[in-house]
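Chain A is the first sequence line, chain B the second, and so forth, proteins listed ahead of strands; every chain is numbered from 1. The figures here come from the full heavy-atom set of this structure, side chains too, leaving out hydrogens, waters and symmetry mates.
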Amino acid sequence: MKLHEYQAKGIFADAGIPVPDSQLAESVEEALDAVDEIGYPAAIKAQVHVGGRGKAGGIKIATDRDEAETYAEEILGMDLKGYTVETVLVESGVDFVDELYVGVTMDRGEGKPVLMVSTEGGVDIEEVAAESPDAIAREHVDPAFGLHPYQARKVVYNAGVDADVAGDVASIVSTLYDLYEANDATEIEVNPVMITSDRDVVAADAVMNIDEDALFRQPKLAELEDEAYEDDLERKAGEYGFDYVRLSGNVGIIGNGAGLVMTTLDLVDYYGGAPANFLDIGGGAKAERVTNALDMVFSDPNVDSVVFNIFGGITRGDEVAKGINEALSGYDELPKPVVVRLAGTNAEEGMEILNTDLLGVEKTLEAAVQRAVENAKEVSA
Amino acid sequence: MKLHEYQAKGIFADAGIPVPDSQLAESVEEALDAVDEIGYPAAIKAQVHVGGRGKAGGIKIATDRDEAETYAEEILGMDLKGYTVETVLVESGVDFVDELYVGVTMDRGEGKPVLMVSTEGGVDIEEVAAESPDAIAREHVDPAFGLHPYQARKVVYNAGVDADVAGDVASIVSTLYDLYEANDATEIEVNPVMITSDRDVVAADAVMNIDEDALFRQPKLAELEDEAYEDDLERKAGEYGFDYVRLSGNVGIIGNGAGLVMTTLDLVDYYGGAPANFLDIGGGAKAERVTNALDMVFSDPNVDSVVFNIFGGITRGDEVAKGINEALSGYDELPKPVVVRLAGTNAEEGMEILNTDLLGVEKTLEAAVQRAVENAKEVSA
Amino acid sequence: MSIFVDDDTRVVVQGITGGEGKFHAEQMIEYGTNVVAGAVPGKGGQEAAGVPVYDTVDAAVEAEDANASVIFVPPAFAADAIFEALDTDLDLAVAITEGIPTQDMAKVNKRLGETDTRLLGPNCPGIITPGEAKLGILPGNIFADGNVGLVSRSGTLTYQVVDNLTERGIGQTTAIGIGGDPIIGTSFIDALEAFEADTETDAVVMCGEIGGEDEEQAARFIGEHMDTPVAGFIAGRTAPPGKRMGHAGAIVSGSGTGTAESKIDALNDAGVPVGDTPEEVADHIESFL
Amino acid sequence: MSIFVDDDTRVVVQGITGGEGKFHAEQMIEYGTNVVAGAVPGKGGQEAAGVPVYDTVDAAVEAEDANASVIFVPPAFAADAIFEALDTDLDLAVAITEGIPTQDMAKVNKRLGETDTRLLGPNCPGIITPGEAKLGILPGNIFADGNVGLVSRSGTLTYQVVDNLTERGIGQTTAIGIGGDPIIGTSFIDALEAFEADTETDAVVMCGEIGGEDEEQAARFIGEHMDTPVAGFIAGRTAPPGKRMGHAGAIVSGSGTGTAESKIDALNDAGVPVGDTPEEVADHIESFL
């Protein structure tokens, strides 16, 4: 789960990390009220989960009220890489002389959190990592011991941070690690940490991603989950308890098991179609879950055709078929063509009893996907 | 630092461990007021740092007001293994059907905390350990990971605790470990944990010792330090910052370095004397510390004679001698005979300038101790 | 032969009194697996799925001489259950549970380095040596005894590929789901190394997916250390960056590491043919035999 | 010869800009020790005791090729300083600091098991190979080069015994203070094992004290594994149970473990004569040579 910049900064501020003064605004008036209070220069920052907001025009610095109004009008409601900006953070502009990058993330290969500090902050850190990996100092943290204080210092000194601010930056690194651990984060990133002409350090941006699997023990963060959704269908999937990702194509995909659903997406692409979503309904395929899954794909206006791919496994194919039929009992006609493919234990028995008045049925994954792609082409033609 | 039972139980109760109702009393009236409120049976328990209080008569169960008065009178003011009882804990008597032992301590050999549970509670656990070590289940905790929940369960099941209370006892074990860690304890012991006829578990006693070296980060516990002293001289040593232990002999001992002071005590004994104290003044022997050390031994009424043994090491003997002379400048005559022995760097130069009008001086440790023992015999004769 | 499990494997099921645990314990037993005990705190002395239940894994292992564990414990308690299993010096612990917090698994991973126990998973379907033992939730009936090893990060995708193989009459030595989480106990390399050493495994299927760099490392391992031919499949070619595709570990990072392309390239560089469809994977395997 | 340190030892001093650190760094250098750097966060680029100071131990080791560290850091920060030293793969770290919380040392002890670095101390005077190197706060002038090894839990008691030896013309190969805390990095056995292997050490003094069971274990080790004769001393015969005698580790438990009697008996059982006085220890050593 990705937190918005303003949410992450709230958490930072509570932990004692210096952040600029800021206010949230959902309209141009609110933005102007905020900027009147905060003063100039003021940054107006789109609150959407999109990398490279600045380059894409989602962050502007206003030096007077006219600029503030222009920028607020520009940004509020703009489409940023597919997301509509509904909220901006109006933030006091920081007069900085230097920018650092500071991050904490999980190094999967090592199975350990890693601290990262670079003096090449303020730019795309991925590019820095790719082009001059030595410009990023790294320090792995042993998850049993947690962070030793010397490690925060070491990564800061190794990065070559100026001596006069090294202590303050180490203190930010240390606090970020504490937050990483306490909040079950998967990633925390501040890019840039700004160094002002007075040699103060300020966290000028904030990225904080939370491990969804840990929300059960992070009740405060779980409350933010709803605000974190940026798409009504993703919100709905969250309510239904589905793993769901919205994509830009027109073939809706329902399946069980992450690897098999991904494979189904890939095959849609392979056979010339474009997947509209990833939707994993998990094991079993009980009627209620099938009903909800169909609701998801049917209510997505981009979807022209659906492929439903279930590998039965322990759950027998005839039981899966019964669940599907029960879910279909509310329909006289399906709003979009659906092709079903059952496999695994008792798959043939299952396919025999499927309601073929409403559904197309195919025996192989390849055939089912090809037919769904054709259906989509026909509908959208 | 040893906490009193009532202090430890306060900490337990705050952490959610069930303890009996209780009140502290410093007089017979207060004890009777307490027992009137708490009801019968009531335990009247001496609050002194003495093991085996029960056997020694420091714990009595009153079943009516007359008994309560008798026992309170008996216990308040009594001498318990050399300590005068000034406070009693008046505690609701628990109607128990079973008694367990639960403890957490540092296993020095392993360098790890160890959980201990035994169904043979309520008796001297040291005896249980010596006679039937298998009656105590043990589980070491990896200090980097901390306690895994399964370990609390495992030690309880391995001890053979009844299934119906095993969960509650495991929960006490787990909380005790948390307290052990959070309070920098060196030892926590509940003996007994009582199991009532309703199958509730109650911590009926509480031993909690704190690592003195960690008091700098345990401000709340540091505040209890003063209450924890049971001897004015020990309190004074605390104020002076000396390592000090009061003993029952009449030869006062001042020295530097724990091993060498212990050795001096042992030699006093070896040469037929009896040490009155252990007093380590640490490195250097500056005048102020010498003054304070002399004040300690002179103000101990048991002390008849003093031996002052310093191995100079890095600090030169002549500097040590100057410090001693300076400390003596306030005296025309010493209240008790003092023999000094200096060794190490520049020891001879030091001994030459020592104020021999006030002090006896010896060149070897053995001679100095022998002379102090003789002095003590003469004084006490 | 086989790797990791066979008919000598003696299994304790952690969480055997829960719905999932009991059902799959029964399924494992029905398949012929040597399930000898269950472990559930507070349920010691009971019986479940026809085997005795103990309060601790320690007691179960002690009493029934188990050497492997299968863990069906809810996510909030699963890491503790894994630690408990690792503490008893088992040969193998299989963690089926999906949804264990990653930071819990980082701690488990640290402990793993201190023990000799192999952890499989978490978030995995388990392991099967057809005709001998099944530890986990895999549907036994789709597998057949044979000479192809299979290792996969995904459950149902494994079934799909196995189904394709079995239908062609190609059986398996052992099939292993290593799990879809970012931090797992047994890597592709661990499994590949064991298959390479197994004299009965004549070819191996490796099903990877987006996220992390395990497939790239495995590709290098295959290129440098394996004579047994390997055919690959990589799921998630169409996954957008920054989105978790069902599995907690299936995510292409913003920086573009963990892409299907990078994995496919690495495998191809190591001489491993990668199928565009599961059928193509079966074609490659058939060509090896 | 010698054990653990010699004139090839290259020392970084952690906390070299503090009062103690600077004084003893100078003393070590004066003694002839190869002190090559200091490490103090925020003081990188400065100079202290005539050597360059770095912000981290890592940087000091890297730049000056140090292989040992001496730690003069206050108790609240000392465990962190030890972890930092252990992280740089030194051969030896000597922690002088007294008063480190025991639970901090339990964590350090865990890490020690994961590294190849030897930790000496904490709460110890250090180690000296007379005429070659001194790491710590021992007064160099009382030592003399010779053929007796010495290992002790106490500082000034060590000096006392060494003084008795040197006055008789008996010099030392290496003298080691292992420290008076309950949890320490180098045990009696570690030192005895090294002395046994050192061809120039012809006899060993072992000064123990009350608390713990290290002396008992060392006695068993001597009985089973040592040909080099050992003379012992045990301080604290008159210590009452339950009282900490200066050293955090010098405490006879309520249950009566850790008594001087038990240690003396164990040593005697292993054929080790135990002196009643430091002079008697010197007598025993003289008789061995």
Side-chain angles (χ1 to χ4, degrees), chain A residues 2 49 51 106 108-113 125-127 129-130 142-145 180-181 184-186 211-214 216-217 243-249 255-263 265-270 274-275 278 280 282-283 310-315 343-345 364-366, chain C residues 23-24 27 75-76 98-107 109-111 125 137-139 141-142 152-160 163 180 182-183 207 209-214 217 233 235-240 242-250 253-256 260 276-279:
Chain A
K2 295 179 180 185
H49 296 310
M106 182 65 73
R108 289 171 60 155
E110 292 283 324
K112 287 177 183 170
I125 197 68
E126 317 292 2
E127 273 175 32
D142 184 319
F145 287 96
Y180 174 86
E181 220 179 40
D184 271 303
T186 55
D211 182 357
E212 283 157 54
D213 288 337
F216 70 85
R217 62 184 179 198
D243 283 324
Y244 176 84
V245 176
R246 198 173 179 183
L247 300 162
S248 55
N256 68 329
L260 190 57
V261 178
M262 276 191 273
T263 300
L265 265 69
D266 294 350
L267 288 182
V268 166
D269 177 70
Y270 181 72
F278 170 102
D280 179 2
I310 295 281
F311 201 106
I314 293 276
T315 314
T345 323
T364 71
L365 174 55
E366 290 79 1
Chain C
F23 175 76
H24 288 291
Q27 293 274 321
E98 178 175 3
I100 303 178
T102 304
Q103 294 195 10
D104 286 4
M105 279 310 302
K107 293 198 177 83
N109 187 58
K110 159 88 175 172
R111 175 75 94 214
I137 61 172
L138 309 112
N141 60 310
I142 62 169
S152 169
R153 275 168 72 185
S154 165
T156 46
L157 177 58
T158 304
Y159 312 160
Q160 172 69 47
D163 211 31
I183 300 178
C207 293
E209 63 190 33
I210 51 164
E213 300 181 7
D214 278 13
Q217 288 164 11
F233 187 80
R237 301 172 183 218
T238 50
K243 296 286 185 181
R244 171 174 154 168
M245 304 300 277
H247 283 161
S253 82
S255 58
D276 286 321
T277 67
E279 277 295 350

(request) May I ask you to test the Gln103(C)-Tyr180(A) pair for a side-chain heavy-atom distance under 4.5 Å? (result)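 Side chain of Gln103(C) against side chain of Tyr180(A), heavy atoms only: contact under 4.5 Å found.
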(message) If you define the side chain from C-beta out and look only at heavy atoms, does anything of Pro125(C) sit under 4.5 Å from Tyr159(C)?
(response) yes
(request) Could you tell me whether Asp184(A) and Arg217(A) make a salt bridge, using a distance below 4.0 angstrom between a side-chain N and a carboxylate O? (result) yes
(request) Tell me, please, which residues at least two apart from Arg108(A) pass salt bridge (Lys or Arg N to Asp or Glu O under 4.0 Å). (result)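 Partners of Arg108(A) under the salt bridge (Lys or Arg N to Asp or Glu O under 4.0 Å) test: none.
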Of the listed residues ([options]), which shares the most heavy-atom pairs with chain A below a 4.5 Å separation?
options: Gly211(C), Ala260(C), Ser152(C), Gly155(C); value: Gly211(C)
options: Lys243(C), Met245(C), Gln217(C), Arg111(C); value: Met245(C)
options: Gly180(C), Ser154(C), Gly236(C); value: Gly236(C)
options: Arg244(C), Met105(C), Lys107(C); value: Arg244(C)
options: Ala76(C), Cys207(C), Pro75(C); value: Ala76(C)
options: Thr102(C), Ile142(C), Ile210(C); value: Thr102(C)

[X] side, atom [atom1]; [Y] side, atom [atom2] - distance, nearest 0.5 Å:
X: Asn109(C); Y: Asp104(C); atom1: CG; atom2: CG; answer: 12.5 Å
X: Asp163(C); Y: Thr156(C); atom1: CG; atom2: OG1; answer: 12.0 Å
X: Leu157(C); Y: Asn256(A); atom1: CG; atom2: CG; answer: 11.0 Å

In terms of heavy-atom proximity below 4.5 Å to chain A, should [X] be classed as side chain, backbone, both, or neither?
X: Arg153(C); value: side chain
X: Asn141(C); value: side chain
X: Lys110(C); value: side chain
X: Glu209(C); value: side chain
X: Gln27(C); value: side chain
X: Pro278(C); value: both

Contact class of [X] relative to chain C, heavy atoms under 4.5 angstrom:
X: Ile125(A); answer: neither
X: Val261(A); answer: neither
X: Tyr244(A); answer: neither

(request) Show the numbers, then the answer: is there a side chain to side chain contact (heavy atoms under 4.5 Å, CB included) between Met106(A) and Ile183(C)? (result) CA-CA 9 Å; Met106(A) 182 65 73; Ile183(C) 300 178; 3.8 Å; yes
(request) Please report the shortest heavy-atom distance between Ala250(C) and Met262(A), naming the atom on each side. (result) CB-CE, 3.7 Å
(request) For Gly344(A) and Phe311(A), work out which heavy atoms get closest and say how close. (result) CA-CE2, 3.4 Å
(request) Would you check if there is a donor-acceptor pair between the side chains of Asp266(A) and Thr238(C) at a distance under 3.5 Å? (result)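 Asp266(A) and Thr238(C) do have a side-chain donor-acceptor pair below 3.5 Å.
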Just give me the residue among [options] that pairs up with chain C most often, heavy atom to heavy atom, under 4.5 Å.
options: Glu110(A), Glu366(A), Lys112(A); answer: Glu366(A)
options: Asp243(A), Leu267(A), Leu247(A), Asp213(A); answer: Asp213(A)
options: Ala185(A), Ala343(A), Gly109(A); answer: Ala185(A)
options: Asp280(A), Thr186(A), Thr263(A); answer: Thr263(A)

